[in-house]
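Reviewing the structure listed below.
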Amino acid sequence: MREYLTEHIKQALHKASIPASRAIKIEKPSDSRLGDFSTNIALVLAGECGMNPRQLAQKITENLSFSETTVSKTEIAGPGFINFYLEPAFIMKQVEQILTSSDRFGRGLAGEGKNAIVEYVSANPTGPLTIGRGRGGVLGDCIANILEAQGYTVTREYYFNDAGRQMSILSESVRLRYLELCGIAVEFPDTHYQGDYIREIAAAILEKHGEKLIDSDSPELFKQTAENHIFTHIKNTLHRLDITHDSYFNEHRLYQEDESGISPNQQVIDALHQKGFIDHYDGATWFMTTRLGQEKDKVLVKSSGEPSYRLPDIAYHVTKFERGFDEIVNIFGADHIDEYPDVIEALKILGYDAGRIRVAINQFVTTTVNGETVKMSTRKGNADLLDDLIDDVGADATRLFFIMRSKDSHLNFDIDLAKKQSKDNPVFYLQYAHARICSLLRIAENEADFSLEKGSADAHLMRKLTSAHEIQLGFTLLDYPDVIETCARILEPQKMVEYLHSVAELYHRFYQECPILKADPDIRTARLVLSLATRQVLRNGFRILGISAPKSM
RNA sequence: GUGCCCGUAGCUCAAUUGGAUAGAGCAUCAGCCUUCUAAGCUGAGGGUUACUGGUUCGAGUCCAGUCGGGCAUACCA
């Protein structure tokens, strides 16, 4: 319909000899009394034409001609908006498409033939996932779904490091707990991992190996056992939220020589050196970010000879380019905010198209329990665990809570509210609409000789629907493809939540105001078909968000 | 100090990325079930969009400054 209007406006501009120097934008006014669609083209072009906007709008509308079956009225309003009022039958004719497209309704072509990589979670295996990590996980998973719906071939990747200092502390923490279990008095430092899971791993080791490891000075077994144990745990937690990765990228690979005989890390240093961005002082190797206007250089290789995290990060992103991804999406928590600009600068210097990289940063989650804000720390083991949250509120609510707020805003997760399992929980409102439709269709099939096949065949009957509730619902269903497109453009699934809420709201209102099963046969069928189309949109949207679509509640 | 994010109804958050009279949920108050799921619907009250300037046809949105909150400013990842 937008294309239809755009095309006619173009023709009108041409007829009026007005150069169409700017793109024609068709918007939906916030208030439906201002038309079904509107354009600000007269406001935008007024300056160039040397006319006042309302005059220009007048000139454009004089040259517009629509068929009576499509646009019923065109008017000029406010400072020079042109508002269009559509014929209900024209709208409902489009709604029929939803049934034909079914699961594919809303799919876009923007990513057709392109590969995208979405990196998310990427927690190192040092402990169970916390609520804070959960937000990034759900956000990343939804963004991956959205890109898939736009036609991209998506790889979901988890980047992790199982070497380094944190892992040493982990294995030492397990060893000390093991010694404790063997009855040996040890001093457990504050700097070590305090969580109960450390004891559980230690107990598992004791059970399998007995006390024969007491004198072992090799941390390897402790580390391996801890890593396997924790990684399994992390994957299980993610699985409960229906999050799975296609690929796990071990940072260690970047330290090892590849076919060329040089490690990816070293290749980055060599390449940056060639461009004149490497310096050596204080025993370390530095990325000369001062040349880019920053206050300090950044360490790439520490004086100990080990790379800092920045170097493998750059090398890792080089592999994303070398692996041929057209779109590179990273999901980070706010604490990593300082990290990626350096990576991007380095990639630019190395000649990669950094425009392909998009970073979605989610702000922190604070949890409120009994009105008190809880600070979280993985190390101290007092963090709120994602698993506990899922136990409390279920996977659907967990997912929805994480994405129902803009990722740029701090998320205040009120545990008490989420635990309520009542209508306060917004996930019920959406799912209830779906369950209601399912229930209605069940009755219709049993008692009213209605079937999905027959419904699709009779979809044209929807054009008989004329009440404002019905038209508004149908018209809103047609927004779905645009909503996905918007979500993909700004990497923000929250828009989908908001949209589905409005669909559910309009359906509930329609259901309240328009009797369905008791209506005359044609109208009854038409309303059932409209319900069917609504259910399809809800289902498609739920799939993007990763929440279930219950048939009854 | 510097960089990034945030500041909107009593509370939690939206606002089609610069559009028209700033909207939802919760909470409060008043209505709607002998009728397809009341986990629903209808209505009411509630706002100087932190503050001050600026940019333009038009600003919650962009720019500058001020105030307040969060995160980051490691040879930790």
Side-chain angles (χ1 to χ4, degrees), chain A residues 25 27-31 33-34 38 40 42-44 46-47 52-54 77-81 83 122-124 126 160-161 164-167 169 251 282-286 294-296 298-310 312-313 333-339 341 361 363-364 366 368 404-412 414 417 421-429 431-433 435-444 447-448 479 482-483 486 489-490 492 494-495 497-499 501-502 504-505 507-509 511-513 515-519 524 527-528 531 552-553:
Chain A
K25 204 169 146 194
E27 291 179 309
K28 263 184 108 162
S30 49
D31 188 335
R33 281 173 303 182
L34 296 168
S38 74
N40 63 356
L43 294 162
V44 173
N52 88 45
R54 283 194 69 105
F81 290 102
N83 296 340
S122 293
N124 287 337
T126 56
F160 71 100
N161 178 14
R165 220 182 68 183
Q166 296 307 320
M167 290 302 289
I169 294 176
E251 184 184 320
D282 295 345
T285 303
W286 300 77
Q294 296 192 22
E295 281 180 27
K296 286 186 275 187
K298 303 289 168 59
V299 172
L300 293 183
V301 182
K302 301 184 250 179
S303 52
S304 65
E306 295 172 326
S308 78
Y309 66 91
R310 258 175 244 274
D313 265 0
D335 52 340
H336 286 241
I337 205 153
D338 255 18
E339 164 179 347
I361 291 177
Q363 294 297 316
F364 275 159
T366 54
T368 309
M404 64 192 232
R405 305 297 179 218
S406 156
K407 64 179 186 293
D408 293 327
S409 294
H410 290 202
L411 176 67
N412 185 1
D414 187 332
L417 178 77
Q421 287 282 7
S422 73
K423 66 174 180 178
D424 300 352
N425 201 330
V427 72
F428 288 138
Y429 187 80
Q431 293 181 326
Y432 182 57
R436 233 183 184 182
I437 295 171
C438 290
S439 163
L440 188 68
L441 293 172
R442 265 197 306 273
I443 296 170
E447 298 176 8
D479 283 341
D482 290 335
V483 174
T486 301
R489 194 176 69 240
I490 63 178
E492 183 57 278
Q494 184 259 341
K495 302 286 173 199
V497 180
E498 200 181 312
Y499 168 73
H501 186 274
S502 71
E505 185 177 32
Y507 186 80
H508 286 312
R509 197 176 299 160
Y511 182 94
Q512 193 79 22
E513 300 297 330
I516 298 167
L517 295 177
K518 285 183 222 78
R524 184 184 64 196
R527 287 179 176 161
L528 284 168
S531 299
S552 65
M553 288 173 74

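Below, chains carry the letters A, B, ... as their sequence lines are ordered, and counting in each starts from 1.
Judged by atom type and distance alone, Tyr432(A) does not reach the base of A39(B) through any side-chain donor-acceptor pair under 3.5 Å. Looking at Ser303(A), its side chain comes within 3.5 Å of the base of C75(B) through a donor and an acceptor atom. Judged by distance alone with a 3.5 Å cut-off, a donor-acceptor contact links the side chain of Ser38(A) to the base of A20(B).
For U42(B), the OP1/OP2 oxygens have a side-chain nitrogen or oxygen of Arg509(A) closer than 4.0 Å. Using a 4.0 Å cut-off, no side-chain N or O of Lys25(A) falls inside it from OP1 or OP2 of U16(B). Side-chain N/O atoms of Lys296(A) include one lying less than 4.0 angstrom from OP1 or OP2 on A74(B). OP1 or OP2 of A38(B) lies within a sub-4.0 Å distance of a side-chain N or O belonging to Arg436(A). Considering only side-chain N and O atoms, Ser308(A) lies nowhere under 4.0 angstrom from the phosphate OP1 or OP2 of C75(B). Within the structure, a side-chain polar atom (N or O) of Lys302(A) is placed less than 4.0 Å from OP1 or OP2 of A77(B).
In this view, His410(A) satisfies the ring-ring contact (aromatic ring centres under 6.0 Å, His included) rule with no residue, not counting sequence neighbours. With sequence neighbours excluded, the residues satisfying side-chain hydrogen bond (donor to acceptor under 3.5 Å, both in side chains) with Ser531(A) are Tyr507(A). Not a single side-chain hydrogen bond (donor to acceptor under 3.5 Å, both in side chains) links Asn83(A) to another residue, sequence neighbours left out. For the side-chain hydrogen bond (donor to acceptor under 3.5 Å, both in side chains) test, residues two or more places apart in sequence or in another chain that qualify with Arg489(A) are Glu485(A). Partners of Lys298(A) under the side-chain hydrogen bond (donor to acceptor under 3.5 Å, both in side chains) rule, at least two apart in sequence or in another chain, are Gln294(A), Asp342(A).
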Requested in this report: Whenever both distances are under 3.5 Å in a Watson-Crick or G-U wobble pair, mark it; put RNA chain B into dot-bracket that way, with [ ] for crossing pairs and | when the partner is on another strand.
Outcome: (((((((..((((.....[...)))).(((((.......))))).....(((((..]....))))))))))))....
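The side chain of Met553(A) sits closest to A39(B) out of A24(B), C41(B), A39(B). Checking C36(B), A77(B), U21(B) against every side-chain atom of Arg33(A), the shortest atom distance belongs to U21(B). Out of C57(B), U17(B), C75(B), the shortest distance to the side chain of Asp282(A) is found at C75(B). Taking every side-chain heavy atom of His336(A) into account, A77(B) is the closest of C71(B), A77(B), U12(B). Checked against C41(B), A14(B), C75(B), the side chain of Ser409(A) finds its nearest nucleotide in A14(B).
For the atom pair CG of Asn40(A) and CZ of Phe81(A), the computed distance is 6.0 Å after rounding to the nearest 0.5 Å.
A syn base is found at U17(B): its glycosidic angle is within 90° of 0.
Ionic pairing of Asp482(A) and Lys28(A) is not present here: no N-O contact between side-chain nitrogen and carboxylate oxygen is shorter than 4.0 angstrom.
As rounded to the nearest Å, C29(B) and G45(B) have C1' atoms that lie 8 Å from one another. Nucleotides U8(B) and C51(B) have their C1' atoms positioned 14 Å apart, rounded to a whole Å. Using P as the reference atom, U61(B) and A9(B) are 15 Å apart when rounded to the nearest Å. Atom C1' of A59(B) sits at a distance of 13 Å from the matching atom of A20(B), rounded to the whole Å. C13(B) sits 33 Å from A77(B) when the C1' atoms are compared, rounded to a whole Å. Separating the P atom of G10(B) from that of G47(B) is a span of 7 Å, rounded to the nearest Å. Rounded to a whole angstrom, the distance from the C1' atom of G3(B) to that of A39(B) is 46 Å. The same atom, C1', is picked in C62(B) and in G18(B); the two are 8 Å apart, to the nearest Å.
Residue contacts shown for Glu251(A) are limited to sugar-phosphate atoms, with no base heavy atom under 4.0 Å away. Using a 4.0 Å heavy-atom criterion, one finds that Glu513(A) contacts the sugar-phosphate atoms exclusively.
Residue Tyr429(A) and nucleotide A39(B) are not classified as a stacked aromatic pair, given the requirement of ring centres less than 5.5 Å apart at an interplanar angle below 30°.
Taking the nucleotide of RNA chain B with the nearest heavy atom to each of Asn161(A) and Asn83(A), the more 5' of the two is matched to Asn83(A).
Across Lys302(A) and Pro307(A), no two heavy atoms sit closer than the pair CE-O, 3.7 Å. Contact detail for Ile361(A) and Asp408(A): the closest heavy-atom pair is O-OD1, 4.0 Å.
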